[in-house]
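What follows is a set of notes on a single structure, which appears directly below.
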Protein chains: 2
Amino acid sequence: MMELTRKGDYAIRGIVYLASQPPNKISLLSEIAAAVDVPQTFLAKIFQQFSKTGIVKSFRGTGGGFLLAGPPEEITLLQVVEAVEGPILPNRCVLKAGECERDVSCTVHPVWHQVQQKVRGILANITLKDLATN
Amino acid sequence: MMELTRKGDYAIRGIVYLASQPPNKISLLSEIAAAVDVPQTFLAKIFQQFSKTGIVKSFRGTGGGFLLAGPPEEITLLQVVEAVEGPILPNRCVLKAGECERDVSCTVHPVWHQVQQKVRGILANITLKDLATN
DNA sequence: GGTAACAGGACTTGACAAGTCTTTTGCTGC
DNA sequence: GCAGCAAAAGACTTGTCAAGTCCTGTTACC
Ligand code: SF4
Ligand code: SF4
């Protein structure tokens with residue numbers, strides 16, 4: 001259980017590659033895809049999401065490509081994962097009250113909340129700088 | 001992401017109900033299903049798995065039903081979850097080396113290991129006694 | 001032997017993961 | 001302003017798996 005999808009894994013690979021490049025060096029999608037071994041068309045979708053949430057910047061046309069939107073030490077793994085996978089929800093009742101009609105008196109409910117907090121804590125403390133290879 | 005399936009949630013509901021009953025009181029599947037609001041045929045599958053992994057005992061025929069295989073304080077939530085959902089794997093590379101060809105030099109790999117350890121730690125520290133309602 | 005209960009297997013339905021393909025939009029540079 | 005480059009967007013495919021249902025078998029009690 002609790003499996004990250006390929007999309008999530010690919011997303012991390014791709015953005016870590018960006019973080020490993022010299023600052024302000026624009027990378028082509030084709031270049032990233034080849035480097036991290038992900039189908040280019042699939043990676044395109046992922047980077048579109050990144051672009052929409054604002055953690056990477058994109059440029060079209062000749063000389064275009066992708067660039068991190070901020071310094072690697074300010075982008076956390078949590079941001080990256082939640083950008084493509086959505087919020088971390090060990091169980092659906094964590095999302096909001098009322099999702100499960102038993103939540104008012106459920107003794108298990110707090111456990112999932114705790115799991116969510118812990119996982120978020122781990123991911124939030126890791127930045128792209130920690131992951132980049134130089 | 002990281003969502004527990006319904007099966008997992010139902011499994012917990014069911015076994016917590018068992019843990020909330022007086023010791024040695026055999027419960028019928030129909031009774032459990034009604035109490036925790038789960039389709040009986042689906043819950044049957046779940047309890048078959050419990051029975052096979054040995055965390056509940058089952059009895060057939062007249063007067064049959066289900067019983068916890070041990071005292072509630074000795075059965076952890078981790079055992080329950082892994083019995084029906086399989087091992088906790090935040091990413092497939094955690095399972096064993098070689099699942100991902102990039103794992104030798106992957107800087108992200110240890111993160112998932114850490115997540116797995118933390119989650120397992122939380123679940124292993126909660127027993128059915130903690131969850132039972134009396 | 002009949003009935004009460006769990007065990008096991010086959011099957012269904014829908015959603016969603018993991019892509020692919022095609023078209024459109026925007027940019028740069030001659 | 002046109003050519004060509006590169007990302008954006010959307011429609012489509014394929015396979016797997018979650019979430020059940022249904023039917024038949026097996027075991028135990030009386
Ligand atoms: S843990 Fe409790 S509140 Fe959450 S979905 Fe399960 S039964 Fe509902
Ligand atoms: S985290 Fe690294 S080793 Fe694990 S699956 Fe992703 S790329 Fe492979």
Side-chain angles (χ1 to χ4, degrees), chain A residues 1-15 18 25-34 36-69 81 83-86 89-92 100, chain B residues 1-15 18 25-34 36-69 81 83-86 89-92 100:
Chain A
M1 69 168 286
M2 302 252 169
E3 217 148 338
L4 190 71
T5 62
R6 300 238 165 187
K7 185 167 154 190
D9 195 61
Y10 292 167
I12 296 168
R13 291 191 202 181
I15 205 163
L18 270 195
K25 193 228 154 193
I26 291 183
S27 302
L28 286 176
L29 183 64
S30 56
E31 172 195 337
I32 306 169
V36 301
D37 196 34
V38 171
Q40 183 176 337
T41 53
F42 195 23
L43 196 64
K45 296 293 178 196
I46 294 166
F47 270 71
Q48 276 170 36
Q49 277 187 267
F50 278 157
S51 183
K52 265 195 278 195
T53 62
I55 82 180
V56 305
K57 282 189 285 196
S58 71
F59 305 93
R60 302 210 237 195
T62 310
F66 295 93
L67 206 60
L68 282 188
V81 170
V84 296
E85 297 266 22
L89 296 171
N91 203 345
R92 65 194 185 289
C100 170
Chain B
M1 70 168 285
M2 302 252 169
E3 218 148 337
L4 189 72
T5 62
R6 301 240 166 185
K7 186 167 154 190
D9 195 61
Y10 292 167
I12 296 168
R13 291 191 203 181
I15 206 163
L18 270 195
K25 193 229 155 193
I26 292 183
S27 302
L28 287 176
L29 183 64
S30 56
E31 172 195 337
I32 306 169
V36 300
D37 196 33
V38 171
Q40 183 176 336
T41 53
F42 195 22
L43 196 62
K45 296 294 179 196
I46 294 166
F47 270 71
Q48 276 169 36
Q49 277 186 266
F50 278 157
S51 184
K52 264 195 279 195
T53 62
I55 81 181
V56 306
K57 281 189 284 196
S58 71
F59 305 93
R60 302 211 237 196
T62 312
F66 294 93
L67 206 59
L68 282 187
V81 170
V84 296
E85 298 264 22
L89 296 171
N91 203 344
R92 65 194 185 290
C100 170

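Below, read A as the first sequence line, B as the second, and so on, with proteins coming before strands; counting in each chain starts at 1.
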Can you pull out the residues from residues 58-66 of chain A that lie within a 4.0 Å heavy-atom distance of DNA chain D? A/Ser58, A/Phe59, A/Arg60, A/Gly61, A/Thr62, A/Gly65, A/Phe66

Who passes side-chain hydrogen bond (donor to acceptor under 3.5 Å, both in side chains) against B/Glu31, sequence neighbours left out? B/Tyr17, B/Lys25

Short heteroatom pairs, N/O only, protein and nucleotides 20-22 of chain C, under 3.5 Å:
from	atom 1	to	atom 2	distance (Å)
C/dT20	OP2	A/Thr41	OG1	2.8

Ignoring hydrogens, what is the shortest heavy-atom contact between A/Ala11 and A/Ile46? Give both atom names and the distance. CB-CG2, 3.5 Å

By side-chain contact (heavy atoms from CB on, under 4.5 Å), which residues pair with A/Thr5, not counting sequence neighbours? A/Lys7, A/Glu85

Got a sec, which residues hit salt bridge (charged side-chain N to carboxylate O under 4.0 Å, His left out) with A/Arg13, two or more places apart in sequence or on another chain? A/Asp9

CD1-CG distance between B/Ile32 and B/Leu18, expressed to the nearest 0.5 angstrom: 4.5 Å

Locate the shortest heavy-atom distance separating B/Ile26 from B/Gly65; write the atom from each residue and the value. CG2-CA, 3.5 Å

At under 4.0 Å between heavy atoms, what does B/Phe50 touch on the DNA or RNA strands: base, sugar-phosphate, or nothing? nothing

For residues A/Ala44 and A/Leu29, report the shortest heavy-atom separation together with the two atoms involved. CB-CD2, 3.5 Å

Using a cut-off of strictly less than 4.0 Å between a heavy atom of the residue and any atom of DNA chain D, enumerate the qualifying residues of residues 26-34 of chain A by number. A/Leu28, A/Leu29

Without decimals, in angstroms, what is the distance between B/Gln48 CD and C/dA10 C1'? 13 Å

Going by side-chain contact (heavy atoms from CB on, under 4.5 Å), name the residues that satisfy it together with B/Ser30, two or more places apart in sequence or in a different chain. B/Leu28, B/Gln40

Quick one: list whatever passes ring-ring contact (aromatic ring centres under 6.0 Å, His included) with A/Phe47, sequence neighbours left out. A/Phe50, A/Phe66

Length of the line joining A/Lys7:NZ and C/dA17:P, which is rounded to integer Å: 7 Å

Does A/Thr53 have any side-chain contact (heavy atoms from CB on, under 4.5 Å) partners at least two apart in sequence or in another chain, and if so, which? A/Ile55, A/Ala83

Counted 5' to 3', the first and last nucleotides of DNA chain D within 4.0 Å (strictly under) of a heavy-atom of chain B are D/dA19 to D/dC29

Kindly write out the residues that satisfy side-chain hydrogen bond (donor to acceptor under 3.5 Å, both in side chains) with A/Lys45, not counting sequence neighbours, or none if the list is empty. none

Between C/dA17 (P) and A/Tyr10 (OH): distance, integer Å: 14 Å

If you compare all heavy atoms of B/Ala69 against all heavy atoms of B/Gly54, which two are closest, and at what distance to 0.1 Å? CB-O, 3.2 Å

Applying side-chain contact (heavy atoms from CB on, under 4.5 Å) to A/Lys52 and not counting sequence neighbours gives none

